[in-house]
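Naming: A, B, ... by sequence-line order, numbering from 1 per chain.
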Amino acid sequence: MGVQLNEVSLSYPGTGLVIDRLSARIEDGEFIAVLGASGCGKSSLLNLIAGLLAPTEGWLDVPDDGAAFMFQDSNLLPWLSAGRNVELALKLAGHPKDTRQARVDQLLELVQLGHAVHKKPHELSGGMRQRVALARALAQDRQVLLMDEPFAALDAITRDLLHEELRSLWEQTGKTIIFVTHNVREAIRLSGRILVLSSHPGRILETRRITEDLRRNPAQSAALADELTTILRKEQRKHERTDAN
Amino acid sequence: MGVQLNEVSLSYPGTGLVIDRLSARIEDGEFIAVLGASGCGKSSLLNLIAGLLAPTEGWLDVPDDGAAFMFQDSNLLPWLSAGRNVELALKLAGHPKDTRQARVDQLLELVQLGHAVHKKPHELSGGMRQRVALARALAQDRQVLLMDEPFAALDAITRDLLHEELRSLWEQTGKTIIFVTHNVREAIRLSGRILVLSSHPGRILETRRITEDLRRNPAQSAALADELTTILRKEQRKHERTDAN
Amino acid sequence: MSALTQTRAAAALRPAAVLRRRGRADAVIAPLITLVVLVSLWQIAAWASPLREDLFPGPAAVAAKLPELLADGTLLSAVGTSLFRALSGFAIAVLVATPAALLLAHLPLLRKGLGPLVSAMQVLPSIAWVPAAIILFGLSDATIYTVLLLGAIPSIINGLLSGIDMIPAQYSALSRVLGASRRQHIVHVELPAALPGYVAGLRQGWAFAWRSLMAAELIAVGGSLALGVGSLLQRGRDLADLPLVMLVILVILLVGVLIELLCFAPLERKLLRDRGMTRTGENHG
Amino acid sequence: MSALTQTRAAAALRPAAVLRRRGRADAVIAPLITLVVLVSLWQIAAWASPLREDLFPGPAAVAAKLPELLADGTLLSAVGTSLFRALSGFAIAVLVATPAALLLAHLPLLRKGLGPLVSAMQVLPSIAWVPAAIILFGLSDATIYTVLLLGAIPSIINGLLSGIDMIPAQYSALSRVLGASRRQHIVHVELPAALPGYVAGLRQGWAFAWRSLMAAELIAVGGSLALGVGSLLQRGRDLADLPLVMLVILVILLVGVLIELLCFAPLERKLLRDRGMTRTGENHG
Amino acid sequence: PAPAKNAGTAADQGPAATLRLGYFANATHAPALVADAKGILDKAVGADGTTLETQIFNAGPAAIEALNSGAIDAAYLGPSPALNSYLSSGGTSLRIIAGAASGGASLVVSKDITEVSQLAGTELATPQYGGTQDVALRSFLKERGLDESVTVTPSSNGTVPQLFARGSIDGAWLPEPHASLLVKQYGAHRLVNEAQLWPEGKFPTTVLVASQEFITKHPDTVRELVQANAQAINWLNTTGEQQKLHTVQQALAAHGGGTLSDEVISAALDQISFDETPLSGTFDTLVAHAAAVGIGEPGSTQGLVDDSFAAGEGK
Ligand SMILES: Nc1ncnc2c1ncn2[C@@H]1O[C@H](COP(=O)(O)OP(=O)(O)OP(=O)(O)O)[C@@H](O)[C@H]1O
Ligand SMILES: Nc1ncnc2c1ncn2[C@@H]1O[C@H](COP(=O)(O)OP(=O)(O)OP(=O)(O)O)[C@@H](O)[C@H]1O
Ligand SMILES: [Mg+2]
Ligand SMILES: [Mg+2]
């Protein structure tokens with residue numbers, strides 16, 4: 001039950017073509033990182049997979065029960081406390097009432113927010129909101145998990161902690177995880193495969209498999225990080241040149 | 001015309017004490033980075049300096065004309081295009097009408113968004129919105145510039161580019177810049193002094209001066225980064241232990 | 001650097017319980033002061049005015065009318081009757097209008113077809129319904145409720161619809177992602193998100209309900225239908241009894257102020273506070 | 001994996017010009033279909049109903065009334081008169097209510113003192129003002145406008161106030177940071193941010209204006225005051241001329257639908273589209 | 001230009017520049033309709049250079065309010081609004097300067113009620129609480145001991161036919177043409193003609209009033225108005241049935257009141273007699289009736305009627 005994209009294109013009325021005949025096959029249980037310049041279409045791609053946007057052309061195949069999605073902005077419901085926001089996801093996923101509170105507490109503990117269950121979103125800091133959103137995405141408990149820059153607003157320490165949690169969750173549950181990040185190192189550290197998107201329009205520029213060996217080897221990781229950064233930089237340069245024309 | 005905080009405390013009704021008798025003196029023209037765990041009170045501190053919150057105790061002194069502020073969320077006005085959002089800042093800063101358009105174009109070029117002048121915020125990607133907010137903060141042209149995680153949503157390449165722009169802007173204008181970041185390396189790369197905040201409640205845990213020499217020396221920089229990370233990690237541990245009690 | 005900065009900062013939003021408590025006291029005292037000021041102005045105007053006393057009765061003349069109306073219980077029972085009709089009618093209107101608005105919001109074609117009609121029905125004066133209601137229901141409370149409902153329902157529908165329209169698209173996306181059924185989306189996301197706009201619509205709906213009731217109560221001034229405030233007002237006009245007219249106006253205003261202070265204002269304040277907003281316009285300078 | 005997923009995706013929001021164009025056509029056709037359906041139902045009910053024809057006139061009987069009223073120009077001139085009064089009165093009401101609402105929003109004490117009174121004035125039936133207005137202004141258009149304004153202004157004030165209340169606090173913070181003066185804050189931030197709620201308030205205000213006008217037009221049917229639609233309606237009622245009553249109701253509905261379709265709906269659609277929202281309830285499944 | 005507290009200090013100022021007259025587009029206001037439509041009024045006041053402005057009202061209260069505010073100078077009205085205004089202003093607001101119509105009010109009931117005694121247990125409507133017909137019905141019932149067993153429902157002229165048609169009420173005490181409308185089109189019949197209850201069968205239905213201020217300032221204009229009223233009434237009383245009907249219907253149509261059938265209007269005109277004497281003697285009785293059924297305060301009608309103008313008409 002992976003995800004398959006076949007010659008998928010997407011254009012917005014004002015913007016034009018954003019994703020151009022993109023094809024990809026993501027196996028069941030894969031952990032995929034998506035890299036790309038700001039505005040290249042990463043969030044749009046996740047929206048397509050989540051079924052929130054329909055492709056202008058092409059087709060895609062996702063599991064019947066959809067995908068859990070952690071949005072780029074935390075998108076918490078402002079009238080619900082942190083705990084209730086997470087609980088809503090559990091409720092809509094069909095969890096019985098009596099087990100929900102315990103699960104909410106557990107999930108918020110996981111993201112280091114056990115003390116903030118009763119806080120409303122406007123009483124939380126930016127990073128805390130993002131963590132509540134993360135807890136909510138985990139509460140959905142779907143086979144496919146889409147995450148849009150899940151750790152962008154977090155400090156290094158909390159981020160490290162959550163990296164570990166996410167890895168072990170993936171190992172235990174065998175979920176298919178697709179996450180967008182701007183942090184090349186983060187991508188190498190977490191994922192099994194990295195997709196690099198080009199911009200204007202978005203296509204797959206590069207695909208890299210990350211083996212356990214490579215991950216464990218600091219020198220090799222650093223080399224790959226440099227390489228990916230160079231690819232991204234080259235892509236950006238190309239655009240500056242085309243823009244100047 | 002620096003910023004001075006004297007025994008400043010802040011508490012929120014539901015949360016209690018967030019900043020505890022914090023004193024600091026930021027000289028005119030300094031470039032300060034603020035580090036700290038998620039939820040420790042960094043945004044609250046900037047809000048205090050910007051005059052958006054009043055301290056529960058203590059007092060602070062800021063220049064008469066207030067401070068330019070780039071919010072953690074981009075906080076663009078949704079009914080205005082990217083260009084008009086920036087223009088509004090120029091208008092309210094008293095720029096004459098005939099020079100505004102040129103300045104808007106210049107600022108949006110600076111943040112690599114020359115092509116998106118006419119886009120409404122909802123047509124922009126997360127990183128693009130953040131860059132518009134950055135352009136708007138620069139448009140305000142105040143002596144003090146407060147920035148709350150200005151580059152969090154940006155890819156590494158764009159971030160590098162904007163780092164350079166920000167440095168050269170600071171060198172040219174001699175602004176007092178206070179910026180919050182989660183990226184220790186970013187702090188070392190940009191700032192002249194780093195303040196590390198503790199959490200629950202927020203106090204200044206450490207202050208480090210960054211010299212040009214240190215910045216140029218990769219090994220020394222890396223060492224400092226490690227050291228700061230260790231400090232932050234220790235602080236976090238302490239809390240885990242107190243929480244468990 | 002200057003002291004000015006500090007005053008600016010001190011004037012900023014201070015998240016302290018003290019302020020909130022002072023606000024509560026103000027909420028009672030300020031309307032009272034307004035009342036005293038308005039009554040004084042009225043008395044002064046009555047003295048200074050060159051108009052005959054029966055054309056511009058002062059507060060004293062109006063107050064003199066009060067014991068008489070209180071003595072025979074007319075006023076109290078009229079207020080009681082009208083208030084009961086208005087509140088129960090309003091409750092029914094809310095119960096009917098809410099699902100209707102949801103239907104319109106979720107069936108685009110239905111909305112395109114009926115939406116303009118609903119807005120048009122809002123502008124139809126209540127008395128227009130009277131002949132039809134009488135033919136259908138005769139001189140019964142059903143007639144009065146019909147006129148009231150036809151006045152209030154379109155307004156509440158429109159209020160809820162515009163509340164729903166203003167819901168950020170991201171909440172709908174969230175609902176989809178969480179796998180909410182349509183019913184769940186409505187209950188857990190749409191209604192709470194639209195609530196502030198909805199309450200604004202309810203306030204207008206209440207006004208429409210009350211005004212339509214006044215019109216409906218002109219159908220019959222007693223007899224088999226209980227006497228309401230609207231009938232009393234008309235009676236004052238019929239008998240050229242301006243003190244009575246004024247008294248009824250004051251009573252209606254009083255009822256309006258009380259409903260606002262006891263229901264809508266606290267409701268709205270709670271909703272906004274839940275969402276981290278304030279109501280009193282203290283948010284700027 | 002299944003085809004089902006694909007249909008779900010296809011049903012999602014498709015940002016295509018095609019859809020929008022189809023939407024425009026719908027916006028005209030759907031109300032027309034509604035009209036045809038309603039008229040047919042009415043005709044069937046009239047045939048089936050055991051009521052006498054003068055008590056429940058069918059579309060034919062009402063249509064038969066039309067040529068007569070059109071011939072002597074009564075109907076057209078009455079609609080013209082009322083529409084002119086309503087539109088000009090509404091414009092004045094907006095011009096008065098907007099600054100009043102801003103004052104109330106920015107002076108917390110004033111709002112606490114007068115806010116409940118404004119809400120209470122909304123519930124005061126228009127005819128309550130008639131005696132006072134006539135005594136002050138005699139039988140002039142001023143009287144009619146007074147009644148209309150007192151009906152519409154409180155409603156628009158409340159609409160704008162609740163629009164302002166719902167402005168996210170972060171916009172006010174932005175204004176402060178950008179160094180906006182209070183006037184600049186109002187013009188550049190507060191009013192545009194409150195606009196969707198304000199337009200909802202305007203729609204209700206328009207309804208109040210029109211209904212108050214109908215009440216005011218009952219004062220006089222002719223002479224120095226031109227005949228309006230309200231007078232025509234009252235005449236139909238007085239003489240138990242139900243076809244006339246129905247005809248006037250239809251005319252009022254028509255005016256209401258046209259104002260909605262030509263003014264409010266496009267305005268609201270533009271406002272929402274500017275902010276990346278949609279109006280038609282297409283946002284969920 | 002609302003009247004001052006102590007109106008009437010100004011003395012005779014000769015003919016008025018304009019005479020602003022209010023009336024209803026209604027069969028009981030036929031003298032006004034005819035006087036206006038046939039130019040009788042124009043001619044009468046025009047001789048002194050006075051211009052005439054007329055104003056059509058829907059109901060008594062608005063006309064009284066207009067008179068009180070000085071927006072009109074004189075009006076054709078039912079006696080009860082005139083009386084109410086006179087009493088509530090302590091006798092300072094207006095005076096009745098002539099009669100216009102009398103008679104033309106009946107208790108019309110459904111076919112199955114043929115005797116007054118059968119009224120017990122019924123529900124009867126009147127056009128307006130405390131109005132002329134309302135008081136008449138209540139005192140009629142009281143005198144016959146029926147006031148406990150009959151429900152009186154004040155509604156409005158326009159609402160009564162619908163109530164009657166669906167059987168919500170058993171009858172109504174109505175003025176013309178509403179009584180005739182019920183008889184001709186809704187199958188009611190006349191059980192009591194109010195004329196039977198009054199000496200000589202005369203009681204006021206429409207009177208001509210003027211504000212006291214206007215009477216004091218412009219007695220000449222008032223006199224001309226009263227004369228025009230008398231001429232119109234004379235015309236109504238001497239003209240053939242058909243022409244009378246035609247003229248009245250046309251005048252009604254001109255003011256938008258012409259939607260009743262010829263049959264109803266002609267029946268209504270039959271019921272009404274037009275008479276320029278103000279029937280001064282009846283007003284105390286009206287007040288007494290009202291007080292007896294508990295509506296309004298007993299008050300003195302002394303000075304309500306000013307028949308000095310009507311008297312001068314004899315020349
Ligand atoms: N309006 C509020 N009401 C109550 N508590 C609040 C409010 N705003 C912030 N807080 C609390 O104050 C603390 C500090 O918040 P702040 O936003 O300053 O953190 P931060 O350091 O910016 O964190 P982050 O890095 O996640 O953005 C948090 O614990 C938060 O819950
Ligand atoms: N609703 C919309 N209407 C028009 N254009 C849009 C819309 N949403 C996104 N775009 C455009 O599509 C492009 C891709 O946007 P997207 O949000 O997918 O970028 P992203 O890769 O997620 O960027 P970031 O890293 O900054 O979040 C951008 O150029 C943006 O301007
Ligand atoms: Mg994105
Ligand atoms: Mg923060």
Side-chain angles (χ1 to χ4, degrees), chain A residues 12-15 18 35-44 71-74 109 112-116 118-120 123-131 148-149 151-161 180-185 200 225 228-230 232-237 239-240 243, chain B residues 12-15 18 35-44 71-74 111-116 118-120 123-131 148-149 151-161 180-185 200 225 228-230 232-237 239-240 243:
Chain A
Y12 291 106
T15 313
V18 167
L35 285 175
S38 170
C40 76
K42 305 180 293 298
S43 299
S44 302
F71 296 93
Q72 188 166 10
D73 56 335
S74 53
E109 279 303 337
Q112 316 279 312
L113 283 178
H115 59 284
H118 299 297
K119 288 239 169 82
K120 290 274 164 67
E123 298 170 319
L124 299 175
S125 78
M128 291 162 88
R129 277 199 289 270
Q130 195 167 38
R131 284 180 280 156
D148 203 347
E149 304 190 30
F151 310 114
L154 298 181
D155 59 296
I157 321 302
T158 315
R159 187 187 298 215
D160 274 357
L161 234 140
V180 168
T181 179
H182 283 313
N183 191 323
V184 179
R185 251 171 289 251
H200 309 294
L228 287 172
T229 308
T230 316
L232 284 165
R233 184 163 291 137
K234 222 186 261 161
E235 163 73 11
Q236 197 114 336
R237 285 257 172 68
H239 276 287
E240 266 160 51
D243 281 0
Chain B
Y12 290 107
T15 311
V18 167
L35 284 175
S38 169
C40 76
K42 305 179 294 296
S43 299
S44 303
F71 296 92
Q72 187 165 9
D73 57 336
S74 54
V111 296
Q112 317 278 313
L113 283 177
H115 58 283
H118 299 298
K119 287 238 169 82
K120 290 274 166 67
E123 297 169 320
L124 299 174
S125 78
M128 290 163 88
R129 278 199 288 270
Q130 196 168 37
R131 283 179 280 156
D148 203 347
E149 306 189 27
F151 311 114
L154 298 182
D155 60 296
I157 323 300
T158 314
R159 187 187 298 215
D160 273 357
L161 233 140
V180 168
T181 178
H182 283 312
N183 191 324
V184 179
R185 254 172 287 250
H200 308 296
L228 288 172
T229 308
T230 315
L232 283 166
R233 184 163 291 139
K234 222 186 262 163
E235 163 73 12
Q236 198 113 337
R237 285 257 172 67
H239 276 288
E240 266 160 50
D243 281 359

- Tell me, please, which residues at least two apart from Asn183(A) pass side chain to side chain contact (heavy atoms under 4.5 Å, CB included). Arg159(A), Thr181(A), Arg185(A), Glu186(A)
- Heavy-atom proximity to chain A below 4.5 Å, by part of Thr158(B): both
- What distance do Asp155(A) atom CG and Lys42(B) atom NZ have between them, rounded to the nearest 0.5 Å? 6.5 Å
- chain A heavy atoms under 4.5 Å from Lys119(B): which part of the residue, side chain, backbone, both or neither? side chain
- For Asp73(B), is it the side chain, the backbone, both, or neither that has a heavy atom closer than 4.5 Å to a heavy atom of chain A? neither
- Among Gly39(B), Ser38(B), Gly127(B), which has the most heavy-atom pairs under 4.5 Å with chain A? Ser38(B)
- Message: Restricting to side chain to side chain contact (heavy atoms under 4.5 Å, CB included), what partner residues turn up for Lys120(A), sequence neighbours left out?
- Response: His122(A), Glu123(A), Asp274(C)
- Is there side-chain contact between Asp160(B) and Arg233(A), with at least one heavy-atom pair below 4.5 Å? yes
- Task: Side chain from CB out, backbone as N, CA, C, O: work out which of these in Ser43(A) comes under 4.5 Å of a heavy atom of chain B, or both, or neither.
- Result: neither
